[in-house]
Amino acid sequence: MVRREYDDDPSYGSNDNGNGIQEVLNRKVPRWGMVLLGAALLATPVISSWYVVGKSHQAVVTRVGAYSRTEGPGLHRKLPWPFEKVDKVNVQEARRLEFGFTTVEKGVYEDQPQESTMLTGDENIASVDGVLQYQVVDPAKYLFRAVEPEVLLKDIGGAALRQVVGDSSIDAVLTTGKNQIQEQVQEKIQGMANEYDLGIKVVSFQLQDVTPPKEVAPAFLAVQQAKEQRQTIVNEAEGYRNSVLGPARGKAQQTLNEAGAYAARVVGAAEGETQRFLKTLEQYQKAPEITADRLTIETLERTYGRMKVIVDGTGDEQSGLIKLLNVSGANQSAVPEGGARK
Amino acid sequence: MNIKQLLVAAGIGIAGIVGISSTAYTVNEGQQAVVTRLGKPVRMIVHSYGGVSEEQKKRIEEWNTQQESPVKVESGAGLYFKVPLFDSVTSMESRILEYDAAPKNIVTRNKQKLTVDTFAPWRIDNPLLFSQRVGTEKGAQLRLDDTIYSGVREEAGKYDLIEIVRNSNEPIKGDEEKGGETKVWENIQYGREKILATAAEDSRVQSFPYGIDVLDVRIKMADLPPENAASVYNRMNAERKRISDQFLAEGKEQDMMIRSGADKEAAEIESGALKQAGETKGEADRRVVEIYANAASQDPNFFRLWRTLQAYDKAFGPDSTVVVGESPFTRYLLGTSGK
């Protein structure tokens, strides 16, 4: 370059005023010009032998073309240009690659159906989007191992994703298998990156939108709805069950309680009666005849006292009043002559 | 110092730089170089960051010995010297390059069409051979188009579609919740990875004579062409329909089971209660009988009297009429001068 400039300088030698050239050549170089030139000549190697590496970067130093060393953040010295050169690489940045879609601007995405549509292991088709995040861990490898590591990584990622999805069922891809797929894809990408020695570390592979292709989306939705409908039907049936069993249990308890009440009542009554009987029996045993008569008379007194009584003094049932009256109506009872006989 | 002297000094400096730059050259990291003297190759600097593999060294050595006039082979980036004017240096990539083919259709053994998009990372393995036979990286793309595509097409044609999609016979677990089933393919003997490995190996061997090392052949995409995809979509729709129907049928089944079960259970609860109630009442009745029997057994005659009198008391209401014949009451009332 320098030589060409020198040769091709149109002003040099083309100046036809010979005296003028001589005059110019013999002119003294001013003192400040010398100082400036000297300073420039001295400063160049000094300035070009210092460099600063930012806190998220690492610097790769090459000496006459060959890799020499990698330096971390801070101020460093090197041999001046053209002997040593520095390339700085960001090793903190989480670099990002998109699969199946592209971010046009923040929040605006464009689907890439060609990239996202893939065959699953059960010969179905799914639309899968993903994001790969990676970091440069060895800047020298990142610079010197592949021409376009990013492009290579993108293709590796696509291949890995398809391979893993190709070994999964559509249901696993759409729902349950996501974590496993992510892990496997991440592992595969890292494996290939290591194989090619790209100097990168895969931070994560995240599946984004994973959907059935639009041609079959309504059918998938219908499955979801059918599943919910099944649940609704079951819930309603359970509701019916509760509405039937509750009253049934209540009614059963009622029946039991009524039975219990009956039992308590009749047993209680019986016991009360017998107590009364036993007490009376005590008296009876003391004076049987009198007590028996007294009881009989008291009963008759009580009963006759409240009803119509016709007394037949004859004592003849066959020809007496009973026959005449022909008593057999609803409100009338013929009493055989006194059960009270001992 | 006047301007003349300054110019002379500058001239010497520039001449020095030109002299050095025409005798010295650098092979930068990430590059390799071939040196020709008056058009005839004399030297080659092979390089790879991290060191040239033994394999590559051996390949080049073997090739070199077969040449009429072997070249000097050196390795490593850095500063080299040459004869000015006579020698010229051609640099080329030592890093991994990528061959990316346009998607192409292949036909599988079971006559299914598949659109395959392959890529292959490759390196310049022998810079001299590469510069002689291929020339540029663009030329390499054309070269690899032939070998890799034909390799993949040939290999893929030997297998069924599913072998190109899958890697193993491992059963694919369906989501039970979603009505999926676990499916097993018995016919996968190779799988994508092995098929591609074979294709890669073929391409690799075929590419060495061009100074190219194909590191891998990979499938970026393997999709059904649109006309075949339609039939897959139809199948998927049918399968989803089946699953939906199954869910609805299950719903009906559950509905009937739960409702009839509830009815049955309710009936059981009620009948059980009736049974128990009957037992309770029966037991109570038995107790009553027992209680009376116990009391009565103390004096059966008196009990009979007692019970009869009670019956009297209960049997005759205020509206009853009674005709009394001979009875203790009348006896007391009429016969004797009792009360």
Side-chain angles (χ1 to χ4, degrees), chain A residues 2-3 25 28-29 62 64-67 119 121 124 144 146-147 155 158-159 166-167 169 171 176 215-216 219 222-223 226-227 230 233-234 237 241 244 248 252 255-256 259 262-263 266-267 270 274 277 284 296 299-300 303 306-312 315 321-322 331-332 335 337-339, chain B residues 1-4 14 18 26 28-30 49 77-79 95-97 119 165-167 172 174-175 178 180 218 220 233 236-237 240 243-244 247-248 251 254-255 258-259 262 266 269 273 277 280-281 284 287-288 291 295 302 308-309 312 316 318-329:
Chain A
V2 180
R3 178 174 53 181
L25 284 177
K28 270 243 179 217
V29 176
T62 49
V64 287
Y67 170 77
L119 275 169
N124 287 315
F144 303 135
V147 175
D155 287 342
D167 256 350
S169 72
D171 293 314
T176 49
E215 287 83 352
V216 293
V223 169
K227 197 181 161 194
R230 179 183 69 172
I233 292 172
V234 169
R241 186 187 147 86
V244 167
T255 308
L256 291 178
Y262 168 83
V266 296
V267 171
T274 48
F277 169 73
Y284 172 76
T296 307
T299 304
L300 292 176
T303 51
R306 65 179 177 242
M307 55 188 191
K308 262 184 230 160
V309 179
I310 298 165
V311 180
D312 181 2
L321 260 174
I322 293 171
N331 286 340
Q332 294 156 331
V335 180
E337 39 88 46
Chain B
M1 187 187 265
N2 58 28
I3 289 179
K4 194 178 183 177
I14 288 162
V18 168
T26 59
N28 289 331
E29 204 61 67
Y49 176 72
L79 191 64
R95 294 177 289 182
I96 297 170
L97 291 146
F119 74 95
V165 174
R166 296 209 50 197
N167 286 305
I172 289 183
D175 180 5
K178 287 234 147 197
R218 300 215 166 257
K220 193 155 55 163
Y233 290 142
M236 286 174 81
N237 276 325
R240 293 299 130 180
I243 295 170
S244 305
F247 276 141
L248 293 179
Q254 294 260 312
D255 184 50
I258 293 171
R259 280 175 195 264
I269 289 170
T280 308
K281 283 181 176 173
R287 281 271 297 144
V288 168
I291 288 164
F302 178 67
T308 306
L309 291 175
Y312 257 72
F316 301 120
D319 298 332
S320 307
T321 306
V322 73
V323 177
V324 183
E326 169 70 18
S327 81
F329 189 75

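Chain letters run A, B, ... following the sequence lines, proteins first and then strands; every chain starts at 1.
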Using 0.5 Å steps for rounding, measure from the [atom1] atom of [X] to the [atom2] atom of [Y].
X	Y	atom1	atom2	result
B/Asn237	A/Glu215	CG	CD	9.0 Å
A/Ile233	B/Gln254	CD1	CD	10.0 Å
A/Lys227	B/Phe247	NZ	CZ	6.0 Å
B/Asn28	A/Phe144	CG	CZ	8.5 Å

Top contributor to chain B contacts, counting heavy-atom pairs under 4.5 Å, from [options]:
options	answer
A/Ala146, A/Ala222, A/Ala219	A/Ala146
A/Thr62, A/Leu256, A/Thr303	A/Leu256
A/Ala263, A/Gly158, A/Ala159, A/Ala252	A/Ala159

What residue, out of B/Arg287, B/Lys4, B/Met236, has the most heavy-atom pairs lying under 4.5 Å from chain A? B/Met236

Determine whether B/Ile258 and A/Val234 make a side-chain contact, defined as any pair of heavy atoms from C-beta on separated by less than 4.5 Å. yes

Are side-chain heavy atoms of B/Leu309 and A/Thr296 found at a separation under 4.5 Å? yes

Do you know which two heavy atoms are closest between [X] and [Y], and how far apart they sit?
X	Y	result
A/Val216	B/Tyr233	CG1-O, 3.5 Å
B/Ala273	A/Thr255	O-CG2, 4.1 Å
B/Ala77	A/Gly65	CB-O, 4.0 Å
A/Tyr67	B/Glu29	N-OE1, 2.5 Å
A/Val267	B/Ile291	CG1-CD1, 3.9 Å
B/Ala266	A/Val244	CB-CG1, 3.4 Å

Does the pair B/Arg240/A/Asp171 count as a salt bridge with the N-to-O cut at 4.0 Å?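 Yes, this pair counts.
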
Heavy-atom proximity to chain A below 4.5 Å, by part of B/Arg259: both

Portion of B/Phe119 that has a non-hydrogen atom of chain A nearer than 4.5 angstrom: side chain

Residues that A/Arg306 engages under salt bridge (charged side-chain N to carboxylate O under 4.0 Å, His left out), provided they are two or more places apart: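 Only B/Asp313 meet the salt bridge (charged side-chain N to carboxylate O under 4.0 Å, His left out) criterion with A/Arg306.
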
